Amino acid sequence: MEYLSTRDKTLRKSAAQAIATGLSRDGGLFTPVSFPGISALEVDALCGMSYRRRAAYIMGKFLENFRAEELEEFTRKAYGPEKFDHPAVAPLRKVDGKTWCLELWHGPTSAFKDMALQMLPHLLTASLRETREKKTACILVATSGDTGKAAMEGFADVDQTKILVFYPENGVSEIQKLQMVTQEGGNVGVCAVKGNFDDAQNGVKRIFSDEEMRETLAQRGYFLSSANSINWGRILPQVVYYISAYCDLLKAKEIKLGQPVNFCVPTGNFGNILACYYAKRMGLPVGRLICASNRNDVLTDFIRTGVYDRNRSFHATMSPSMDILISSNLERLLFDMSGKNDELVRSYMEQLAQTGRYEVTPGMKKRIQEVFYGGFCNEEETSATIAEMYKNGYLIDTHTAVAAKVLADYRRESGDNTPAVFVSTASPYKFCDSVLSSIGQVPVENSVDRIEQMADCTGVAAPARLAALKGKAPRFDDVTEKNLMEEKVLQFLK
Ligand SMILES: *Cc1c(COP(=O)(O)O)cnc(C)c1O
């Protein structure tokens, strides 16, 4: 299977090359040249397998140069019981007769990023072997909270890699910060940036495009790589859980083989929902794809009007991992929906960079609307949804609540009562403050104590690793000015 850049299809790479480099040199994203099919017979056969074996089988279709035993070993390590606290790895929870919730937060950092970031290090090191790369990969991450921790947890003590995470000094939750500064591993580094997430992100982009820096690092035996969802190695493991969820519904006799299922995904960078679209492209019977946003509703408008316009105010919400105005992975959808028209995609991305806006052709808009529905959920509705679900016996986080609400809106508006799965992307214990307030409790002063408070008042057990944060000593206290991040990288890679 070859991978093409969305901005220049003459740039073709193997899977290993695409994963090792992350981003294409022309700024485009690597995308598979075609989608391998998954037949009804295969779906039926997958029903009898564990999540780990399903994952190895599905990923193998995209990774021809990786041996099957190798992939089985990776999935055993990535999704084993020492990493995931649920035997099903990504369990489905029945909410009502036609609705299920896909819980993707049973991994080591309690957010869905683990599903991909527990696998990426294995894919990356195998790719380095395959491409005979001798230098050490230095993974630079700018994070608004979840990605940084999940990436460090995945890459901690992985050979031939080092990882440095920058987070905005006052832009992450206290639990998220504590998760990061207590990270173990000899190859990890964490540094706060005096500024917001955009400052941290711009700093990382600046370092990536700094030729002199790359030269210096190369002399020291390093090259820069990415653990962001622009890397194909982040998207591929996410295709798996949509197919796996379908198998679980089938196995539980909730649906018949071939019957369509709708999925509703809380969306930020468009990586997670894109993986669902790719599962549909492989032939999984997915009906409608429901794209759920918070108050930052740039994607809702895009799906409804065909105009992407980031010129609007940015809202800090209680679902911070979706506070995003530029959804990078939408580029991959545009590439597919335009019939791989790289020139057109390049022109949209140039317009986006220059004016913050582009409008797709009427044909593309129609094709997108045939598959996707876009909706959003404001702060009051998010809280109300958490309260209502809790009354019915299910404690969910703020991001998941956005999805539950938008799915309800979609059903009311369209009258489409197809069986549907909404995706749960974080444990409620990662956002104790907002969840406690939503269910009518006053959060206690200390953020770590809120974990215990929530466990006591709801009777829902907290993930062991979050509970264990109490009393854990920080390892990192580094802070940098936003224009001095280069020096931190050079110190880290001495
Ligand atoms: C990253 C994240 C999202 C958004 O996922 P995308 O792939 O960026 O669309 C949603 N919820 C949580 C909890 C996240 O960490």
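Remember, it's 1-based here, ligands and their atoms both numbered in the order they're listed. These numbers come from a predicted model, not from an experiment.
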### Task
List the steps and the verdict of salt bridge (Lys or Arg N to Asp or Glu O under 4.0 Å) for Asp301 and Arg312.
CA-CA 12 Å; Asp301 288 348; Arg312 58 181 73 211; 3.0 Å; yes
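Side-chain contact between Met59 and Phe66 is absent, with no heavy-atom pair separated by less than 4.5 Å. Two residues are said to be in side-chain contact when any heavy atoms from C-beta on lie closer than 4.5 Å; Arg465 and Glu153 meet this criterion.
In the vicinity of Asn272, heavy-atom distances shorter than 4.0 Å reach the ligand 1 atoms 7 (O). When each atom of ligand 1 is checked for a heavy atom of Gly271 under 4.0 Å away, the hits are 6 (P), 7 (O), 9 (O). The distance from ligand 1 to the heavy atoms of Lys113 drops below 4.0 Å at these ligand atoms: 1 (C), 2 (C), 3 (C), 14 (C), 15 (O). With ligand atoms numbered from 1 in the order given, ligand 1 contributes 13 (C) to contacts under 4.0 Å with heavy atoms of Ala426. Against a heavy-atom cut-off of under 4.0 Å, Asp146 is close to the following atoms of ligand 1: 13 (C), 14 (C), 15 (O).
Taking only nitrogen or oxygen atoms, main chain and side chain alike, Thr267 does not reach within less than 3.5 Å of ligand 1. Polar contact check, Ala111 against ligand 1: no nitrogen or oxygen pair lies under 3.5 Å apart. Considering backbone and side-chain N/O of Thr425, one or more are found under 3.5 Å from N/O of ligand 1.
Using the six-membered ring where Trp is involved, Phe372 and Phe270 have ring planes that are tilted, between 30° and 60° apart.
The shortest contact between atom 9 (O) of ligand 1 and any protein heavy atom is with Gly268 N, 2.7 Å. When only non-hydrogen protein atoms are considered, atom 6 (P) of ligand 1 lies nearest to Asn269 N, 3.5 Å.
Using modelled atom types, one finds no donor on one side chain facing an acceptor on the other under 3.5 Å when comparing Tyr358 with Glu350. If you check the side chains of Asn296 and Asp323, you find a donor sitting under 3.5 Å from an acceptor.
The pair Arg367-Asp336 does not count as a salt bridge, with every side-chain nitrogen at least 4.0 angstrom from each carboxylate oxygen.
Using a 4.0 Å cut-off between heavy atoms, Phe270 contacts ligand 1 through its backbone alone, with no side-chain atom that close.
Residues Tyr3 and Phe30 place their aromatic rings such that the two centres sit no closer than 6.0 Å.
Under a 4.0 angstrom heavy-atom cut-off, Ser229 registers as lying outside contact with ligand 1.
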